[in-house]
Amino acid sequence: MITKIILVLILISSILFPFGAFLFSKKKKGGFKAALGFNLFFFFGTLVVSDILLFSGKVQAASQVSQASAEGWRYLAAALSTGLSCIGAGIAVASAASAALGALSEDSSIMGKALIFVALAESIALYGLLISFSILG
């Protein structure tokens with residue numbers, strides 16, 4: 001139990017210390033990339049070490065795990081399809097909406113065309129949601 005608490009504290013500190021040092025230090029060129037590289041190195045290094053320490057024991061109840069694993073994969077697939085499609089839709093809407101606003105400021109007669117492009121970008125999120133519903137049954 002104490003090992004888990006220590007590893008969680010190390011993970012949190014591996015995120016907070018590099019960016020805290022970046023935010024409170026002088027803003028120099030390349031400081032953000034160094035802080036980000038330091039953060040990624042220690043975060044994923046701590047994850048690998050914690051996986052080795054916490055999950056290197058014997059596995060018990062393998063039959064129950066395999067049944068629960070199939071259900072877990074379904075939930076993971078549904079979450080990924082919804083989450084990634086929403087991220088993609090957000091990126092698409094950001095590009096389409098800013099271009100539509102720029103075009104509308106020059107010519108207000110193209111409002112319908114601009115709304116169609118923004119709606120097409122929004123539909124990406126709905127498609128991901130429909131796929132997650134079909135995955136979950």
Side-chain angles (χ1 to χ4, degrees):
M1 182 66 183
I2 200 89
T3 307
K4 292 180 184 179
I5 293 172
I6 291 172
L7 288 172
V8 167
L9 291 175
I10 291 172
L11 281 173
I12 291 171
S13 65
S14 73
I15 294 170
L16 294 179
F17 286 141
F19 284 111
F22 171 73
L23 291 176
F24 293 119
S25 69
K26 296 178 186 176
K27 305 287 189 228
K28 57 183 176 180
K29 190 168 184 156
F32 179 73
K33 289 182 181 178
L36 184 64
F38 183 78
N39 187 358
L40 289 174
F41 175 74
F42 281 105
F43 182 76
F44 288 113
T46 307
L47 276 178
V48 168
V49 169
S50 64
D51 285 344
I52 291 169
L53 289 176
L54 295 176
F55 301 117
S56 62
K58 294 181 180 178
V59 178
Q60 297 175 357
S63 63
Q64 292 176 354
V65 170
S66 65
Q67 291 172 354
S69 177
E71 188 71 20
W73 283 111
R74 286 180 52 211
Y75 288 126
L76 183 65
L80 283 175
S81 69
T82 302
L84 293 176
S85 67
C86 287
I87 289 171
I91 293 170
V93 166
S95 299
S98 65
L101 286 175
L104 281 174
S105 67
E106 293 180 10
D107 185 14
S108 63
S109 66
I110 59 170
M111 175 119 172
K113 293 177 185 175
L115 284 176
I116 289 172
F117 284 113
V118 174
L120 285 173
E122 279 287 329
S123 66
I124 296 170
L126 293 174
Y127 294 145
L129 191 63
L130 289 174
I131 293 298
S132 67
F133 285 153
S134 67
I135 288 171
L136 292 177

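None of these values were measured; they are calculated from a predicted model. Just the heavy atoms: all of them, side chains too, but no hydrogens, waters or symmetry mates, feed the values below.
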_Sequence neighbours excluded - side-chain hydrogen bond (donor to acceptor under 3.5 Å, both in side chains) pairs with any residue from residues 92-107_ = Asp107-Ser109

*Of the non-hydrogen atoms in Ala121 and Ala89, which two are nearest, and what is the gap between them?*
O-CB, 3.6 Å

_CG-OG distance between Leu130 and Ser85, expressed to the nearest 0.5 angstrom_ = 9.5 Å

_Hydrophobic cluster of Ile131, others only, ordered by chain and residue number, side-chain cut-off 4.5 Å_ = Ile135

*Say you draw a straight line from OG1 of Thr82 to CG of Leu126; how long is it, rounded to the nearest 0.5 Å?*
10.5 Å

*asked:* My understanding is that a hydrophobic cluster links ILVMFWY residues whose side chain heavy atoms are under 4.5 Å apart, including indirect links. Using that, what else belongs to the cluster containing Ile110?
replied: Leu104, Met111, Leu115

_Which heavy atom of Gly128 sits nearest to which heavy atom of Ser81, and what is that distance?_
O-OG, 3.6 Å

